[in-house]
Amino acid sequence: MTNTASLRARAGRPALLLAGVLVVALLATGADALDATRPTDASAVNAPSTYSGDITWDDVAAEPTKTVVKVTAENCLCDLTEGTCDANCCCDTDCDSNEKAQFSECASCVYDGTNAAMDGKVCLPEGRSPPSLEYCLPSSTVSRVNLLSSSSLGSVEIQKADQSFLSQQLCIKDDNSASLGKYFLDPGFATEDTLKSAVTLKSEKFWNPVPAAASETQSKYRHNDTVGVVVSSGGSEKLLPGNKFVLPGATLSGVCGWTNVIGYNMPLPASSAAEDSTCLVPIDSISTMCYTILNADYLVNNVKLAKTPGSSATATAAPTISSMKYRSRIDGVLTDTTGGDDATAATVTSANSGTELTCNFAVVEAHYVVTHDGSGTIESFAVDLVFADVMNNAAWDAVYTSPLDSTWDVPSSVRVKHTVTWKLSAETVVPKSGAPGYVVGAPLLAGYKETNSGKDAVARLKEGLAIPGAGPDGRCSVNSKSTVRFGMSQSSSCAVPLSQANLETFCQGTGDKTMVEYMTNLITTNGEQGFTTFLNTKAPASSVPLPAQLMDGLLYGTTDANYDLSGKTVMVAAWANANFENIADWTSCDTSDTTDCATELTTTEQLSAPSGDLAMSWDATTKTCKNVAVGVHIDVLTAKVGHLDHAQSKVQRVQVGWNYADWTYTDFPWDDADTARQNFMMKSTVHFVEMAQDAPEGVKPASPPVLPSLPADVFYPFLSAGPAGGRAAASAAWCVALVVAIFVALVTARGD
């Protein structure tokens, strides 16, 4: 489904605008660079991150047709990124000869078939060769037969047998094997090359070895060579460890260390199923971490990559800052920084005799995009940054004293994330979750329908389908979500603090706060806890169930102006490489009932406010709110398609519902029932279940034709072949030809 030409042409359009902006910036001489300044905290829901802006509506078909996904033994399993060359993926059509020349060296790697020219290079597994049988066939018969047109079967090579006398005595004229390729035969003698080839193939779809240092004599990088960081002549910049492009990663305990050594053209995370791009920074070590792992000087301002290997390599400029946002202390709201365009270095401020420490402008997210020429040379790189204030326990307590009166609510660490993407200058990189079937652990592709000028496309969610999650303090947050990963049943929980009066007000439907307002006010000093006068109206509203509020209305079928994603048709991709510009690839409708589309959730198939016996009710005696919708439940039906040795996983159907629970306020002797809040747990779940399928069936190819094939339109315009065409049309042509021949023979005989 990759349309590389379209993607590269598309990327060129914004590139022209970017070039213009850079020219203007260069002409503006004499202006001093200014650091960015921290924006004002605000309470809001972060807009969903989608590929909506990458949709080229001119390329979207007014009447889209479904792309036929063929699961054969020849699928390119390692092609997991649309629009760019995947490292060491020899079958990736995005890889040209220059990029293949930079694939990692592997002296023991030996291949045959289409990859014979790649001996000595790493080639990731890409599927087995199709099964074959030798048939007694006339030379006029085609040598390859595609089995059925269901798009879910492989192909069998039909090879012409040796024409020698002895071979013709034992060649195959026909076969009745219904399971070709299902049985293993004795492979015979194994050579040394056989062993090397097997060792080469015994690797994962994702290649993630330890990066190797490039030789001083190399003029170009190879895949996975370590990338150097260059210091200016006589400079004293704060450089990354080992003067290499190294980013923070998780150690065995999950705490950050300088563990992610970036190899040339190797992404971080290593795959869509990996989570090696995140780690934890303990807040009790703020005074040291603020000047290293969390500092823009280390991660951005002084990072100049060596364009080529070797100690005399020239350096790129420091990364271009594509965007800078500040994550609010409250609820994780992302707001654009103000002031200058340079990355502000982190600094520590202290209060109360140095016990209260805050790391200002700490880098909590850095997303790098490195541009290369495809031949082993780095050209430039850019970065998107997210800053935040990171406080130790004493500083946190001083700012949020009244609501957070229990120490376990105070975060003990801050999670940081760093990613690296590689691309050619004219490419737009879009990660996939498989090729074509899903990889276990990869994000479940999802989005919502968008319409422009009467044409439909999918605003694909960059993080995939997500369910409500917990913020750093364990409480529910509209900006903290948990990504649904294919094949991994999961649950995600978070806490909603409510007093007895809060709970009653919420349960009776008289609360007047959205979740984002309630949770924001809850955490601010002198907020809704109100130790003197408690207001019963200060409770979350329940007209829209809490889980729907936390998901900004996604999967909620009733349109509500407060939630941007409510009332939108939600799409889940059946195949992991679905094209978001072709909405037909995202639908899987019943042929007899086109309104039943298994992976398309219309508003009537999504969640709605519980009613009737499922509506919430308050029991004053037990202080219980019954039938609270505490989360969403998603059932995902999956199936296997293809040969037993090469089965691909796809999504067959998706269904959503509510998780319910009773919330009971408990009287503890140490709590003041008028004001004390207790944490009530919300829980969302995802369940992947495999479809009950019939036993695997082999497919027997049709017998070769007795007569040579004729074109289906040989008698056009006197006869028109039906849409089926193929052998049926050719047979019809022969029948007509036979009738005509008999008629001519009879007329001739009568004339004689």
Side-chain angles (χ1 to χ4, degrees), residues 43-52 331-334 443-450 458-472 474-485 488-496 506 511 513-520 540-573 599-610 616 628-636 654-661 680-687:
S43 62
V45 181
N46 293 328
S49 180
T50 72
Y51 289 102
S52 176
D331 221 17
V333 180
L334 296 178
L444 183 64
L445 299 190
Y448 52 87
K449 184 186 293 186
E450 276 199 341
V458 178
R460 178 182 148 185
L461 297 166
K462 289 188 176 182
E463 301 298 325
L465 187 63
I467 55 179
R475 294 178 173 180
C476 297
S477 169
V478 293
N479 294 316
S480 296
K481 296 179 178 66
S482 177
T483 297
V484 175
R485 298 190 173 273
M488 302 176 68
S489 295
Q490 63 198 80
S491 65
S492 176
S493 299
C494 61
V496 179
F506 161 73
K513 298 286 186 180
T514 64
M515 274 294 285
V516 64
E517 293 171 335
Y518 178 77
M519 298 302 289
T520 299
S542 57
S543 56
V544 175
L546 298 184
Q549 296 186 43
L550 291 172
M551 296 177 68
D552 198 21
L554 187 69
L555 297 177
Y556 189 65
T558 305
T559 302
D560 189 295
N562 292 316
Y563 308 102
D564 292 339
L565 303 184
S566 62
K568 292 183 179 291
T569 298
V570 177
M571 319 291 291
V572 176
T599 57
E600 177 183 352
L601 297 173
T602 62
T603 55
T604 58
E605 296 167 318
Q606 295 180 42
L607 300 166
S608 59
M616 289 192 303
V628 181
V630 296
V632 297
H633 177 75
I634 304 174
D635 282 317
V636 184
V654 178
Q655 186 171 293
V656 296
W658 295 117
N659 285 332
Y660 292 95
F680 293 88
M681 300 306 296
M682 299 190 66
K683 181 179 180 181
S684 293
T685 52
V686 181
H687 186 205

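Side chains are part of it too, since the values below use all heavy atoms of this structure and drop only hydrogens, waters and symmetry mates. Keep in mind that this is a model prediction, so the values were computed, not measured.
Counting heavy atoms from C-beta outward, V478 and D552 have side chains that stay 4.5 Å or more apart. Between P610 and P545 the shortest side-chain heavy-atom distance falls below 4.5 Å. Residues V45 and Y563 are not in side-chain contact: their nearest non-hydrogen atoms beyond the backbone lie 4.5 Å or more apart.
Of the possible polar contacts, none joining the N659 side chain to the V630 backbone as a donor-acceptor pair under 3.5 Å is found. A donor-acceptor pair under 3.5 Å links the side-chain atoms of Q490 to the main chain of R485, judged by distance alone.
Residues passing the ring pair (Phe, Tyr, Trp, His ring centres under 6.0 Å) test with Y448: none are found, sequence neighbours excluded. Residues satisfying the side-chain hydrogen bond (donor to acceptor under 3.5 Å, both in side chains) criterion with D560, sequence neighbours excluded, are N562. When the salt bridge (charged side-chain N to carboxylate O under 4.0 Å, His left out) test is applied to E600, the partners found at least two apart in sequence or on another chain are K449. In terms of the side-chain contact (heavy atoms from CB on, under 4.5 Å) criterion, residue partners of S542 (sequence neighbours excluded) are, by chain and number, F506, M616. Under the ring pair (Phe, Tyr, Trp, His ring centres under 6.0 Å) criterion, Y51 pairs with F580, not counting sequence neighbours. By the side-chain hydrogen bond (donor to acceptor under 3.5 Å, both in side chains) test, S684 pairs with no residue at all, sequence neighbours left out. Listed by chain and number, the residues in a side-chain hydrogen bond (donor to acceptor under 3.5 Å, both in side chains) with S52 are E450 (sequence neighbours excluded). When the side-chain hydrogen bond (donor to acceptor under 3.5 Å, both in side chains) test is applied to Q606, no partner is found at least two apart in sequence or on another chain. Residues meeting the side-chain contact (heavy atoms from CB on, under 4.5 Å) test with S489, sequence neighbours left out: H687, F688. Applying the side-chain contact (heavy atoms from CB on, under 4.5 Å) test to S491 and every residue at least two apart in sequence or in another chain returns K683, T685. Applying the side-chain contact (heavy atoms from CB on, under 4.5 Å) test to A548 and every residue at least two apart in sequence or in another chain returns V544, Y556, W658.
Scanning both residues, P468 and P547, for their nearest heavy atoms gives CG-O, 4.0 Å. In terms of heavy-atom proximity, P443 sits nearest to T483 at CB-CG2, 4.0 Å. Taking every heavy atom of both residues into account, V496 and C476 meet most closely at CG2-SG, 3.7 Å.
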Are V654 and V570 close enough, and set up right, to give a side-chain contact (heavy atoms from CB on, under 4.5 Å), and what steps lead you there?
CA-CA 10 Å; V654 178; V570 177; over 6 Å; no
Going through the checks in order, is the side-chain contact (heavy atoms from CB on, under 4.5 Å) test met by V484 and I467?
CA-CA 7 Å; V484 175; I467 55 179; 4.1 Å; yes
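The distance from atom CD of E517 to atom CD of Q549, rounded to the nearest 0.5 Å, is 9.5 Å. Annotation: the span from M515 atom CE to L546 atom CG amounts to 5.5 Å, rounded to 0.5 Å. Rounding to the nearest 0.5 Å gives a distance of 7.5 Å between CG of N46 and NZ of K481. Atom SG of C494 is separated from atom CE of M519 by 7.5 Å, given to the nearest 0.5 angstrom. To the nearest 0.5 Å, atom OG1 of residue T559 and atom CG of residue D564 are 11.5 Å apart. Note that CG of L465 and OG of S482 are 10.0 Å apart. Values are rounded to the nearest 0.5 Å.
A side-chain contact (heavy atoms from CB on, under 4.5 Å) with L607 holds for exactly one of L554, V656, T558, L601; it is V656.
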